[in-house]
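Worksheet: the structure to be examined is printed underneath.
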Amino acid sequence: MRTHQCACLCEADIGQDVALAGWMNSRRDHGGVIFIDLRDSSGIVQIVINPDQSESFSRAEQARNEFVLRVTGQVRLRPDGTENPGLSTGTIEVVADQLTILTRTEHLPFQIDDEDVNETLRLKHRYLDLRRTRMQRNLRLRHSLVRTIRHFLEARDFTEIETPMLTRSTPEGARDYLVPSRVHTGAFYAMPQSPQMFKQILVISGFERYYQIARCFRDEDLRADRQPEFTQLDLEMAFVEEADIMQLMEALFKLAFSELGDIKLPDTFPVLSYREAMKRYGTDRPDLRIALELVDLTDAMKDEEFQVFRRAANRKDGRVAALRVPDGAALTRQKIDAYTEFVGNYGAKGLAYIKVNSTAAGREGLQSPIVKFLSDAAIDSIIQLSNCQPGDIVFFGADAASTVNASLGALRNQLGADLGLVEEGWQPVWVVDFPLVEYDQESNRWQALHHPFTAPKEDALDEIQSDPGSVLSRAYDLVLNGVEIGGGSIRNHRLDVQRQIFRMLGLSEDSIDEKFGFLLTALSCGAPPHGGIAFGIDRIAALLAGESSIRDVIAFPKTQRAYCPLTDAPNAIATEQLNELELRVKTTASIMNAPVSENP
RNA sequence: GGGGCGGUAGUUCAGUUGGUUUAGAAUUCCGGCCUGUCAAGCCGGGGGUCGCGGGUUCAAGUCCCGUCCGUCCCGCCA
């Protein structure tokens, strides 16, 4: 079929007879001579067809973009002055002596060199979309990432082991994707949200170093960085502590980013406690490229007369905080209003601000609707603690700490983007010392922050029953440029501790044994101390590719309604299939909620 | 479940306070010319359920209501 790939030809091949095959990227028909850019997976080379090859010439006249062609001819140097420096093969061309059309195209739904095509259309005709340079590059980059990871772990004696895709539904965590069992009528498998329990059992089984590039499934609403099925690097190790895993993963990321993006990550990644991250950035996944930080004013505002601040400062779960933006006084009223609306998305009831004209003149130097409500002492505190300078603006949040953190944390990111305060580069950070559990008002019980197998700090065992909220866990998250790319923990290898935690989470003895009995029994048979971590391959690939959505590093992703425009999944199924499973679809659900498979 | 933005030739878009022609442009497509282009160029032609359904109006791509789809975000995601 072919002797060479298009872009593998170079000046050393001049004079050679070659055979090429590929897609017609573009055609320039001068009447007397036709140029064709022929594309294969290696790239593009220019074909020249002269009228003396009359049959091939007339076929070339018919050819259209994305026709599949085979060309034989000779490689030659391009005539002086006709080189194309924009092409890697721009100094040569192939003079065709025969051109055949292997496949014609019907009307193309879109041009593949069109950068801005409706995404649903791209997904519906993904075979065309994936031909584009950008998508070819993204998927090859993703492949290289996985290859690098495998190499790295193989060299360190990890064993890749597959775990079941049909497993059991667990009560904690995300909504499961369910698969009905035919053999066990009325019972369901669940698709794994992660291989968590299996990997612990593998380590208990004596595979001291396990890993897997694992597909995971969560039936929750989608985001730019969340798909219903996604890929994790999942790993687990016996006889380790936090530092062992963190150091190994730092080595892996330093290698991968240097190999794949020529990016040098810091020798040692900084570490932040959860508490400090929330205090300074309002989030447990701070983007350290943005120099802005929250300043806590809760203590300073406890006795303040200004109700909004005083009430928030004195409530048990309250917080008053400030976000100073250097040179932000130039923000217009209109923009401030837009930011007020923005923080409203996160539950903030308003967005107080002070524009700083001078710091020496006390209240006279400040310009703000709230200054008149503030005492001199409060104004001094604000100036001192925020360290504001003339020309700055200081934003305030005063509410439940969770609201203040969410709104000012999001505002910090938004201002960073809007004002160009995001530094170039790559800033990883470990976040550690998470609370083991948090209280869920809705279900009226404690819930694991990571998952219920996470070990508590060793010195906190006594508080698990007495004061669960104060217990810290042995969990760690890795955050890169504000993206949570992975997380893990040291696990409970002691049966009694694990039982105690289940109990604290409100599970009855019966329910513990029914749902987690197999794991507890395994723990009772000689479980080594162990821990692990999991990384979002899609998110890491998107970061490396410079894409803002993981859909652009997934070959066949779903839309925000979890729909696949290519295959029209999910779809209604035949009554016979339902009968075989002894299932019946509620009439209100059947047709009404089936996805509409019409063109966008 | 909630909020923002969007949906007009195959594609990407424009379309003003509701009314100038038959809803435009570029590109794709079709035909013609053209021997050094590389987004080739020049001439001509075809191509529209203005997402869908109601409503207001003498008149709706434009205003109102509903709905569907896409996207970003909140909730949700142990």
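All figures in this text were calculated on a predicted structure; none of them were measured in a lab.
- Between the side chains of Arg168(A) and Thr170(A), no donor-acceptor pair is found at a separation under 3.5 Å.
- A donor-acceptor contact under 3.5 Å links the side chain of Glu93(A) to the base of rG36(B).
- Annotation: proximity of residues 24-44 of chain A to RNA chain B (heavy atom, distance under 4.0 Å) is found for Ser26(A), Arg28(A), Asp29(A), His30(A), Gly31(A), Gly32(A), Val33(A), Phe35(A), Asp37(A), numbered in ascending order.
- Separating the CZ atom of Phe110(A) from the C1' atom of rG10(B) is a distance of 11 Å, rounded to the nearest angstrom.
- Rounded to whole angstrom, the span from the CZ atom of Phe57(A) across to the C1' atom of rG36(B) amounts to 13 Å.
- With sequence neighbours left out, Asp29(A) forms a salt bridge (charged side-chain N to carboxylate O under 4.0 Å, His left out) with Arg27(A).
- Pro79(A) comes within contact range of at least one nucleobase, with a heavy-atom separation under 4.0 Å.
- Counting any heavy atom pair closer than 4.0 Å across all strands shown, Asn84(A) reaches a base atom.
- Using a cut-off of 4.0 Å between Lys/Arg side-chain N and Asp/Glu carboxylate O, Arg412(A) and Asp287(A) are scored as not salt-bridged.
- Here rU37(B) sits opposite no nucleotide as a Watson-Crick or G-U wobble pair (both hydrogen-bonding atom distances under 3.5 Å).
- The partner of rC63(B) is rG55(B), judged by Watson-Crick or G-U wobble contacts that both fall below 3.5 Å.
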What pairs of nitrogen or oxygen atoms, one from the protein and one from nucleotides 26-29 of chain B, lie under 3.5 Å apart?
| from | atom 1 | to | atom 2 | distance (Å) |
| --- | --- | --- | --- | --- |
| rU28(B) | O2' | Gln111(A) | NE2 | 3.3 |

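- A salt bridge between Arg551(A) and Glu119(A) is present, with a side-chain N of the basic residue lying under 4.0 Å from a carboxylate O of the acidic one.
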Let me check something: any side-chain donor-acceptor pairs from residues 34-41 of chain A under 3.5 Å, sequence neighbours excluded? List them with distances.
| from | atom 1 | to | atom 2 | distance (Å) |
| --- | --- | --- | --- | --- |
| Asp37(A) | OD1 | Arg28(A) | NH2 | 2.9 |
| Asp37(A) | OD2 | Ser26(A) | OG | 3.2 |
| Asp37(A) | OD2 | Arg28(A) | NH1 | 3.3 |
| Arg39(A) | NH1 | Asn25(A) | OD1 | 2.7 |
| Arg39(A) | NH1 | Glu66(A) | OE2 | 3.1 |
| Arg39(A) | NH2 | Glu66(A) | OE1 | 3.0 |
| Asp40(A) | OD1 | Ser42(A) | N | 2.8 |
| Asp40(A) | OD1 | Ser42(A) | OG | 2.5 |
| Asp40(A) | OD1 | Gly43(A) | N | 3.4 |
| Asp40(A) | OD2 | Cys6(A) | N | 2.8 |
| Ser41(A) | OG | Gln5(A) | NE2 | 3.2 |

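- The ring-ring contact (aromatic ring centres under 6.0 Å, His included) check on Phe188(A) picks up nothing, with sequence neighbours excluded.
- Classification of Asp513(A) and Arg499(A) as a salt-bridged pair holds, one side-chain N sitting under 4.0 Å from a carboxylate O.
- Nucleotide rG46(B) is matched to nothing when pairs are restricted to Watson-Crick or G-U wobble geometry with both distances under 3.5 angstrom.
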Generate the contact string for nucleotides 70-75 of chain B. Rules: B means base contact, S means sugar-phosphate contact only, - means no protein heavy atom under 4.0 Å.
SBBSBB
